[in-house]
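Remember, predicted model here, so these are calculated numbers, not experimental data.
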Amino acid sequence: MSAVGIDFGTANIAMAVWQDGAFRILEDTHGEARSSTFLAFKANTGGGEVEKIFAAEAIPQSTVDFGNTFFDIKQFIGRPAPRKRDVLFPTSHYRFNFSGNPGEPIGFKYSTLSARGSSIPSIYLSTLEVCKIWMHRSRELWELSHMGTNEASGADVAHPTCVVTYPYWWNKKQRSVLKNSAKQTGIFPKVFLLNDPTAVLFGAFLFSLPSTIPYNVVVVDVGAKSLAATVFQTNGRTGSMEERSFHVLDCGTTRLDYLLMRHCLDQFEAQHKRIIQYTAAAIHRLHLACKEAKERLLTQRSNNISVDDFTDEKDLLVMMNQKTFETFTVPYANKVVSLINHALNQAFPRGPPEDYEILLVGQASRMAAVQQGVKREFGDHVNASVLLSADRAAVHGAAAVAMILEVAPVLGRLKLSQHYRPLCEILRTHGSAEKARNDLLAYGKAQLRPSVPPKPLSLPEKSNRQSVGLGKQRTAPGIPVSNKSVHSSRMESSKSSQDMELEERPVSASSHAPSFDQRILPSHLGQNRSDTRA
């Protein structure tokens, strides 16, 4: 069998397969389970085409040629190019060059030196072309993982079924860019898109959760660029399911990076007792140092943020311990708790049931402040086993769904989030998708079989309806989530079956989520960024 799941995140990309009832993460060439989204372009010393450098190898290259190194590209998919006075656009934190006229789809440009030192004309890339490059890279890693195995000679290895995850709140245009990036190149002929919370459901229930699947699940994804909470409600009597998603944009863990950068700059200026002019290269190196320190502080009590020759031949050195780090992470954890409470209040107006479970996932869910804050507020409702693989739940689910669609393609016509409970039970019974082929095909055909609509009930023309109180709602510390900062979408299982892309799924876009103030760097940096805002 040939199937692969890809978790295409903002900061990292992960790949996995599910075989014989077990998951296997496909490591990159550096042995990393998750590859960073850094992509650098470098002139080939032997002439010819420009060399592409990926992931960990591209990070050092970005310190030398930061203008031709791209990362966190996923957040720009489907986004128009910024206008000159678009202060909410994060150009002050991304030093690569943007292209495109204001209002048009955003793009990127790079220009390198040839082997002889002559300048190569600028090359323009759209977000679609950048995604194509990463899909080619994913295919290379997939083929590398099958070299020397018994499956390498199989015909289906050349045409694997691929499932790629995407944020729940993405619109049709953004989803089409991601899917076309794989289809247009032909490297993954069979491509399906699966939203992140549904992928987490499959990954969690097939990997770490007990045999009893709860009827009410809240998937909380603490991502790099946004916070999201999706509530899955299942009616125990009818089996129908509703799902509602709430998210806050520009409130991901990258926000913590910017706060750490601001803290380091304040400490550096206090040491030298004057305001210092910083170059774009220095700020980029500080950004990388803060990201590295944030990862180390997840497991260490203290860590130093250091940048050699930061500016004016002066080194930057800032001591960071857990107490100082908590001044940034505790307010962030309160925002996570506030979003969960808002989702519960909206999904359960009379109060949440007793049997709901919270699946806390995402790389930032490993932060001690986030785990402690959520556990303190919701207690045993937080599933502890999922926390052990919180950064792998989505890619595990994508791999499982890819294998399901490989053995039973008919299930691709269903909206899998409405059927995750019976499908997980079938897979758990048989242990693998290959052994469950017949049951999966039978279930898919049964769900697609047209049913006779029930006769309408005869109701009186007028009925005296009494208003029902909403009951006491939950409250939590931190900043409450306002209606303007939360987008929600609701679907019921009684609707007609949709494919996994959910292209007809309505997504509220009446108001954009207010971004946090991202102008945390010195003001003179933003004033000289006319090249990126044009």
Side-chain angles (χ1 to χ4, degrees), residues 196-197 200-223 227-236 241-248 251-253 256 298-299 322 325-394 397 420-421 424 469-481 486 488:
D196 289 329
V200 170
L201 287 178
F202 278 90
F205 291 133
L206 292 177
F207 182 75
S208 56
L209 288 186
S211 58
T212 303
I213 301 178
Y215 283 97
N216 300 285
V217 181
V218 183
V219 178
V220 182
D221 189 359
V222 190
L227 295 175
T230 306
V231 182
F232 295 87
Q233 302 171 253
T234 304
N235 190 316
M241 197 196 73
E242 298 180 0
E243 54 186 285
R244 303 183 68 182
S245 183
F246 309 86
H247 70 276
V248 183
C251 190
T253 55
L256 294 178
L298 295 177
T299 56
Q322 282 294 338
F325 189 54
E326 286 178 358
T327 60
F328 304 103
T329 58
V330 170
Y332 183 77
N334 291 337
K335 292 180 174 63
V336 177
V337 173
S338 297
L339 179 63
I340 299 175
N341 275 311
H342 180 86
L344 291 174
N345 290 335
Q346 295 296 319
F348 308 102
R350 299 189 181 186
E354 297 181 356
D355 62 341
Y356 76 94
E357 286 197 13
I358 295 178
L359 310 184
L360 187 61
V361 298
Q363 194 169 15
S365 62
R366 296 182 299 157
M367 291 183 182
V370 174
Q371 291 188 9
Q372 293 172 4
V374 176
K375 287 181 179 179
R376 182 168 52 251
E377 178 69 15
F378 303 102
D380 295 337
H381 292 291
V382 181
N383 191 284
S385 60
V386 176
L387 291 175
L388 301 177
S389 60
D391 57 343
R392 302 188 299 270
Y420 75 93
R421 290 176 58 85
C424 288
L470 297 181
K472 184 178 179 180
Q473 296 187 349
R474 299 179 62 90
T475 59
I479 301 175
V481 182
V486 177
S488 64

Exercise. Say you draw a straight line from OH of Y420 to CG of L206; how long is it, rounded to the nearest 0.5 Å?
Worked result: 12.0 Å

For this session: Could you tell me which residues satisfy ring-ring contact (aromatic ring centres under 6.0 Å, His included) with Y332, sequence neighbours excluded, listed by chain and number?
Result: none

For this session: Taking all heavy atoms of V386 and all of L360, pick out the closest pair and write down the distance.
Result: CG1-O, 4.2 Å

Problem set entry | CG-CZ distance between N345 and R350, expressed to the nearest 0.5 angstrom | 15.0 Å

Exercise. Can R421 be said to sit on top of F205's aromatic six-ring, NZ or CZ under 6.0 Å from centre and within 45° of the ring axis?
Worked result: no

Problem set entry | Chi angles and distances behind the side-chain contact (heavy atoms from CB on, under 4.5 Å) call for T329, E326 | CA-CA 5 Å; T329 58; E326 286 178 358; 4.1 Å; yes

Exercise. Going by heavy atoms in the side chains, are Y215 and P353 under 4.5 Å from each other?
Worked result: no

For this session: Test side-chain contact (heavy atoms from CB on, under 4.5 Å) on D221 and V200 and set out the steps.
Result: CA-CA 9 Å; D221 189 359; V200 170; 5.9 Å; no

Seminar exercise, completed: CZ of F348 to OH of Y356, rounded to nearest 0.5 Å, is 8.5 Å

Problem set entry | Flag, side chain of H381 to backbone of I358, donor-acceptor distance under 3.5 Å | no

Exercise. Looking only at heavy atoms, what is the nearest atom pair of L256 and M367, with distance?
Worked result: CD1-CE, 3.1 Å

Exercise. Looking at V361 and A393, what are the two nearest heavy atoms and their distance?
Worked result: CG1-CB, 4.0 Å

Problem set entry | From E357 atom CD to D380 atom CG, the distance as rounded to the nearest 0.5 Å | 10.0 Å

Exercise. Closest heavy-atom contact between A333 and V370?
Worked result: CB-CA, 3.8 Å

Seminar exercise, completed: In short, A364 meets T253 closest at the heavy-atom pair CB-CG2, 2.8 Å

Problem set entry | Gap separating the CG atom of L344 from the CD atom of E377, nearest 0.5 angstrom | 9.5 Å

For this session: Could you give me the CA-CA distance, side-chain angles and deciding distance for Q346 and V231, then say whether side-chain contact (heavy atoms from CB on, under 4.5 Å) is met?
Result: CA-CA 10 Å; Q346 295 296 319; V231 182; over 6 Å; no

For this session: Have a look at V220 and tell me which of L339, T230, L359, V336 forms a side-chain contact (heavy atoms from CB on, under 4.5 Å) with it.
Result: V336

Problem set entry | Shortest non-hydrogen contact from Q233 toward N216 | CA-OD1, 3.6 Å

